[in-house]
Amino acid sequence: MAIDEQDWKDEQARVTDVTARIGSKITQLEKEVGDVRGDVIEMRKDFWDEVTVNFSNPDDLGETSTNLRQQSQVLSERERSHLQSSKALKKYRKLVSSPYFGRIDFRETTEDQAETIYLGIGSLMDEDMENFLIYDWRAPISSLYYDGSPGEARYETPSGMVTGEMSLKRQFVIRDRVIEVLFDTGVTIGDELLQQVLSHSADDRMKNIVATIQKEQNAVIRNDKTRMLIVQGAAGSGKTSAALQRVAYLLYKYRETLQADQMILFSPNPLFNSYVSTVLPELGEDNMQQTTFQQYLEHRLGREFDLEDVFSQTESLLNTEENAQQQARREGIAFKSGASYLNIITSYKDRLQSRDMMFRPIVFQGRIIISAEEMVSQFYTYDASVKMANRLDLMREWLLKHLSDFSVEERKSKWVEDQIELMDPDDYHRAFQTMRRKQQKNETSFNDFDAEKEALAKMVVSSRLKPLRRWIKNYRFVDVKGLYSRLFQDSYMLKELLEEGTELPKSWSEISTQTLNQIADKALLYEDVTPLLYLKELLQGFRTNTGIRHVIIDEVQDYSIFQLEFLKRLFPRAKMTVLGDLNQAIYAHGEELGQLDNLVSLYGEDETEVISLTRSYRSTYNIVEFTRSMIPGGEQIVPFNRPGEAPEVIPAADEYELHTNILKDIATLQEKGYHYVAVICKTEEESRRVHGVLSEQMQARLITKSTPAFEKGILVVPAYLAKGVEFDAVIIYNGSNAHYHRETERKLFYTACTRAMHELHIYYTGEKSKFLP
């Protein structure tokens, strides 16, 4: 709805007034921050001058301790004050050029007058600290802006529901303290504002969306009642953006009890971590912990095995023609990713309670001190009702006791005497100091030659046994590798562990051979990493993280049921938000996830809520109409009405013509002002080859799984690494039927095409892919 000239002038006058007040606060805070910072530096510099240090007697020691504590408290208080002022200053600097983006006029049922409420990314009060000039977008009353329309309205507060009438909803675009766009609307977010935001160029960082949050996205952001929130969203529906605003909302609402470091985001790859790293700081919040599931696996098992990652697994499957070995690999991935295999390993652990446990012998300098057989015998002397992890604790203490007894006997060995003769002067000096301390305790005399020799022998043996002692303390004596391998060696035992009605894959023999060959090379296939770690945890005790209160998993369709069950056990106190699109399940193990029902079963229907986001905002209407026909059920995806160029499907006679046309196309797209143009290939192998061709004519950047961040320009990227991000224009390098014809590649092709914001060009040689409309 158009705004009359006087209204516009009044609103601009308010913007000018509010930004002037913010400017005054900035000036005041800059002085405070500078003063406090100077105080902190001086206090740190003079810290020890202010403290009387005296260790001569117990009373002086107590006085010294008190002085240290008092001085430390003063310093901590000043540092805390500096931090708070700095955060406030940062917020006001963001507000000063664009203080707010929305206004609502709302009259409570019990009031005569309507209150005028302005919304921004942070709150601001007047000088008397009595009235809000700007409300934080996360405040309870702000939900009216996102969910309500003029007329009867209500919003929920901690003390109950507030009802009333909204008489006005107004939207702003303010830049450099000047109103550029201003209109009244009867819907959540006016198309004018959303059109303007979506028509902008892509960026190397995801931006906050607080000014354009839609009603369905607001339901994601403010949901804080369920244990698990599942967000099933179409490509470009803003699910990741909404999840990050959700984090900011939870940190705001529960600021007294929830800190950013108590939340963790599992993202699809390190590149994505960089892409979303600025959203929370833009909203004045600290970043939560960010990692990938692969990084966690490397942390836990990377020292013992060479771990395959999901990208290498995908490369292997995409670059190999269909044959018996590849079919076996796919069957193995599906089986090892599912609930049946999880149950097998759980049953296996129960079996080990009473039989078949395996240990690694304790070996010192090539000699077996304690054999594996002795360890098995000892293990099964413990009460069977004692938990497995507790029995292994008892085993560890038993082994350390044996090692201690062995250490005493080993001091008499010939090799120990030889080592004493060759002892370094520094080591000899350390032994001298040790004996001197004993002499002061009247334990011995340094002049006693036998005592000296005994001390030196003890030091030599203790030093040599130190790695073995650490090895035992870390439970390395449990033969997890052997135990896991047995699952693929003993088919009779494995069939006993199978649940009734469950069968092994037809190609189990080949699956076993592939698995055992990798383990023999101290390597693990990606589909074996989580199961082996799970078995290890069941035996040694689960390393749960009770400090994390909220887990966010992006691209959840890339996880197997097995992996999600593992994460559920890893974070037993946490609530979970999972985001994904089953139409973008491009990895082999994701097929096992199946329908939403499998996700809901993780915590059960009573503790789970599912929100579907069906409207796609990233791409133009033309691109969404085109891409949604590539997948079953695509008709449920609703395109946002932003017109643009129709996608182009362009044939090429041969590879030479293909490269020539793509080079011309890139130049044209750059002339149009597009900063991010992605040439999306099927695999990394293909991406490297195409990057080599393009680099001869222009500057292009190859994106790999180790690339730290996106940059402007021409990007050559494998399809599976483009997930979750967006580009101004996308060129599909070769959308031929030879490239994309297997049903397992349909979702990969769809994912690649849906990365385009404004233009999509698909090249092909030969016959075009059967997945293209």
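For clarity, every value in this text was computed on a predicted model and none was experimentally measured.
Judged purely by distance below 3.5 Å, without hydrogens or angles, the side chains of Q557 and E555 pair a donor atom with an acceptor atom. Looking at R569 and T544, their side chains never bring a donor and an acceptor atom within 3.5 Å of each other. Between the side chains of D10 and Q6, a donor-acceptor pair is found at a separation under 3.5 Å. T163 and T109 are linked by a side-chain donor-acceptor pair at a separation below 3.5 angstrom, with hydrogens and angles left out of the test. Between T620 and H758, the side chains place no donor N or O within less than 3.5 Å of an acceptor N or O (distance only, hydrogens not considered). For the residue pair Q584 / Y750, no side-chain donor-acceptor distance below 3.5 Å is found, with atom types taken as modelled. Of the N and O atoms on the side chains of D554 and T240, at least one donor lies less than 3.5 Å from an acceptor on the other residue.
Comment: K9 does not engage D7 in a salt bridge, judged by the lack of any side-chain N to carboxylate O separation of less than 4.0 angstrom. Between R222 and E156 there is no salt bridge, since no side-chain N of the basic residue sits under 4.0 Å from a carboxylate O of the acidic one.
With a 6.0 Å cutoff to the six-membered ring centre and a 45° limit on the axis angle, R14 counts as a cation-pi contact of Y118.
Among residue pairs with one or both ends in residues 604-613, those qualifying as side chain to side chain donor-acceptor pair (under 3.5 Å) are N223-E609; sequence neighbours excluded.
The environment of M161 atom CE is dense: over 12 non-hydrogen atoms of other residues, nucleotides or ligands sit within 6.0 angstrom. The environment of CZ in R543 is sparse: at most 12 heavy-atom neighbours from other residues, nucleotides or ligands sit within 6.0 Å. Within 6.0 Å of atom CZ in R154, 12 or fewer heavy atoms from other residues, nucleotides or ligands are found, so the atom counts as exposed in its surroundings.
Classification of the F293-Y296 ring pair by plane angle, with boundaries at 30° and 60°, yields parallel.
Using a distance-only test at 3.5 Å, with no hydrogens or angles considered, a donor-acceptor pair links the side chain of R107 to the main chain of E111. Between the side chain of R628 and the backbone N or O of P639, no donor-acceptor pair lies under 3.5 Å.
Not less than 6.0 angstrom separates the ring centroid of Y146 from the ring centroid of Y155. Separation of the Y252 and Y249 ring centroids does not fall under the 6.0 Å cut-off. Residues F172 and Y100 bring their aromatic ring centres within 6.0 Å.
Using a 4.5 Å heavy-atom cutoff, the side chains of F266 and I552 are not in contact. Counting heavy atoms from C-beta outward, D105 and I117 have side chains that stay 4.5 Å or more apart. Looking only at side-chain heavy atoms (C-beta outward), I134 and S123 stay at 4.5 Å or farther from each other. Looking at heavy atoms from C-beta onward, L280 lies out of side-chain contact with D286 at the 4.5 angstrom threshold. Side-chain contact between L144 and K169 is absent, with no heavy-atom pair separated by less than 4.5 Å. Taking 4.5 Å as the limit, every side-chain heavy atom of F727 sits out of range of all side-chain heavy atoms of V677.
To the nearest 0.5 Å, atom CD of residue E180 and atom CD1 of residue I174 are 9.5 Å apart.
Annotation for T292 and S267: closest pair CG2-O, 3.5 Å, computed over non-hydrogen atoms.
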